[in-house]
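Notes follow once the structure below has been shown.
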Amino acid sequence: MTPTNIILVGAPVDSGKRRQGCLMGPDAYRTAGLAKTLESLGHPTRDIGNVVPAPLKDIQSATHLHALAETVAWTEALSAAAETAMEDGFPVFMGGDHSLALGTVSGVANYAAAQNRPQFVLWLDAHSDYHTPESTGTGNLHGTPVGYVTGREGFEAFPPVANPVPHENIAMIGLRSVDSEERAALEETDIAITDMRAIDEHGIAAPLREFLARVEAANGLLHVSLDVDFLDPEIAPAVGTTVPGGASFREGHLVMEILHDSGLVSSLDLVELNPFLDDRGRTASLMVDLTASLMGRRVFDRPTRSFAA
């Protein structure tokens with residue numbers, strides 16, 4: 001296995017929704033031994049600490065939007081941090097709620113454009129996060145990053161997206177909670193969607209490999225955005241947006257091992273971990289193990305943990 005220079009970037013973003021706790025995510029990953037685990041696989045790993053949001057701006061917004069100015073500030077800072085981290089190696093963004101992807105994806109896409117390569121995104125999530133600030137009913141901006149990075153209208157308060165990710169360069173796997181307005185909007189796009197019904201009927205490997213073949217054919221860079229709620233809450237309870245019927249332990253590791261085998265992944269988000277809701281670090285440890293599988297740990301090498309005692 002070729003060593004990869006891994007850059008751990010803390011993104012304690014907690015502005016994307018009203019339920020607090022995701023700001024503790026980066027330290028939970030550190031406590032769960034993410035750096036040590038990656039180093040044990042032979043990867044030089046450097047934790048550069050937590051990103052600091054840009055100065056707040058006086059932004060007038062619709063009253064239903066939660067913490068718009070704070071989320072804009074995080075987007076500015078994380079976009080710059082992501083573009084810089086890509087120059088140094090393989091960034092792992094330790095979140096933080098999913099609004100952090102407004103910045104991370106736009107930043108890695110800027111780097112890809114500078115390399116004259118297309119950016120692809122694999123969205124592992126129960127939700128499509130394709131809203132705009134105008135369409136979101138909850139006002140929670142963690143439901144808008146895919147809308148933002150693809151260049152949808154309504155994000156005037158945010159930094160302009162210099163290099164929008166084409167819809168056909170995005171795949172969503174694990175969807176099972178998409179409202180009617182998002183569904184209608186998604187149907188007008190070329191985003192590849194594999195919901196849990198399709199996974200139950202046909203498995204998770206085939207659509208993933210089909211998407212990876214497209215990334216490889218285009219010589220693209222691949223950003224993976226892994227939301228805790230992609231997984232079933234029975235095995236990953238530490239998330240404020242639990243949706244029953246998510247990916248199983250085996251499906252999660254299979255996805256990560258297939259991604260490793262492809263050699264195509266260039267950056268990673270770990271999002272929506274809320275340690276306040278965890279059970280003795282169970283979810284944080286699982287997310288660390290999944291990251292290890294992405295970075296080369298095989299199924300027979302995985303340590304066995306028991307949470308019964």
Side-chain angles (χ1 to χ4, degrees), residues 4-11 13 16 26 38 43 45-51 53-54 71-125 129-130 142 144-152 155 158-173 191-192 211-212 214-216 218-227 256 259-260 262-272 291 294-295:
T4 299
N5 186 32
I6 299 176
I7 313 296
L8 299 182
V9 184
V13 182
L38 295 172
H43 302 297
T45 302
R46 179 164 58 101
D47 187 340
I48 64 172
N50 291 346
V51 174
T71 304
V72 169
W74 276 114
T75 301
E76 291 180 6
L78 283 168
S79 182
E83 188 170 356
T84 298
M86 287 293 292
E87 296 172 357
D88 296 332
F90 183 110
V92 176
F93 302 100
M94 305 180 293
D97 69 58
H98 220 155
S99 68
L100 70 83
L102 292 143
T104 61
V105 176
S106 59
V108 299
N110 289 341
Y111 174 82
Q115 305 303 309
N116 197 29
R117 297 177 66 183
Q119 181 68 60
F120 287 75
V121 176
L122 176 62
W123 203 257
L124 300 173
D125 199 331
D129 296 340
Y130 192 62
H142 70 165
T144 65
V146 179
Y148 175 67
V149 301
T150 54
R152 293 192 75 187
F155 289 91
F158 288 84
V161 179
N163 296 287
V165 179
H167 288 94
E168 62 267 24
N169 288 9
I170 299 174
M172 298 178 172
I173 296 181
I191 293 175
F211 178 63
L212 292 174
R214 290 169 43 211
V215 178
E216 184 175 27
N219 190 33
L221 296 177
L222 176 59
H223 179 81
V224 175
S225 202
L226 172 61
D227 192 311
M256 293 299 149
L259 287 170
H260 170 75
S262 75
L264 296 169
V265 182
S266 50
S267 50
L268 172 68
D269 292 332
L270 302 173
V271 304
E272 295 288 352
T291 306
L294 174 63
M295 301 311 298

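Atom set for the values below is all heavy atoms of this structure, side chains included, hydrogens, waters and symmetry mates excluded.
- Residues Leu8 and Leu38 form a side-chain contact, since some pair of their non-hydrogen atoms from C-beta on lies under 4.5 Å apart.
- No donor-acceptor distance shorter than 3.5 angstrom exists from the side chain of Thr84 to the backbone of Ala81, with no hydrogens or angles considered.
- Note that CG of Asn163 is 5.0 Å distant from CG of Asn110, once rounded to the nearest 0.5 Å.
- Ser266 places a side-chain N or O within donor-acceptor distance of the main-chain N or O of Leu222, the cut-off being under 3.5 Å.
- The nearest pair of heavy atoms linking Thr144 to Phe155 is O-CZ, 3.6 Å.
- For the pair Thr71 and Phe158, the tightest heavy-atom approach, listed with the atom from each and the gap, is CG2-CE2, 4.0 Å.
- Distance check, rounded to the nearest 0.5 Å: CG of Leu122 to OG of Ser225 gives 9.0 Å.
- Expressed to the nearest 0.5 Å, how far CG of Leu221 lies from CD of Gln119 amounts to 5.5 Å.
- Annotation for Ala11 and Pro26: closest pair N-CG, 3.7 Å, computed over non-hydrogen atoms.
- The two residues Asp47 and Gly49 come nearest to each other via the heavy atoms OD1-N, 2.8 Å.
- The shortest non-hydrogen separation linking Val121 to Phe211 is O-CZ, 3.5 Å.
- Within the 4.5 Å cutoff, the side chain of Val146 has no heavy atoms near those of the Val165 side chain.
- The distance from the CD atom of Glu272 to the CG atom of Leu100 is 8.0 Å, given to the nearest 0.5 Å.
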* To do: Report the C-alpha separation of Leu124 and Met256 in whole Å, then their side-chain angles, then the decisive distance to 0.1 Å, and conclude whether the side chain to side chain contact (heavy atoms under 4.5 Å, CB included) test is met.
  => CA-CA 11 Å; Leu124 300 173; Met256 293 299 149; 3.7 Å; yes
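- Interatomic distance, CD1 of Ile191 versus OH of Tyr130, reported as 5.5 Å (0.5 Å rounding).
- Note that CG of Leu102 and CG of Leu78 are 9.5 Å apart. Values are rounded to the nearest 0.5 Å.
- Using bins of under 30°, 30° to 60° and over 60° for the plane-to-plane angle, the ring pair His223/Phe93 lands in the tilted bin.
- In terms of modelled atom types and a separation under 3.5 Å, the side chain of Ser79 and the main chain of Thr75 share no donor-acceptor contact.
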* What do the steps show when you test Ser267 against Met86 for side chain to side chain contact (heavy atoms under 4.5 Å, CB included), and what is the final call? -> CA-CA 8 Å; Ser267 50; Met86 287 293 292; 3.9 Å; yes
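- Judged by distance alone, the side chains of Asp227 and His98 do bring a donor and an acceptor atom under 3.5 Å apart.
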* To do: Check step by step if side chain to side chain contact (heavy atoms under 4.5 Å, CB included) holds for Leu268 and Phe90.
  => CA-CA 8 Å; Leu268 172 68; Phe90 183 110; 4.1 Å; yes
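- In this structure, Asp97 contributes its side chain and His142 its backbone to no donor-acceptor pair below 3.5 Å.
- Residues Trp74 and Pro53 come closest through the heavy atom pair CH2-CD, 3.5 Å.
- In this structure, the side chain of Asn5 engages the main chain of Asp88 through a donor-acceptor pair within 3.5 Å.
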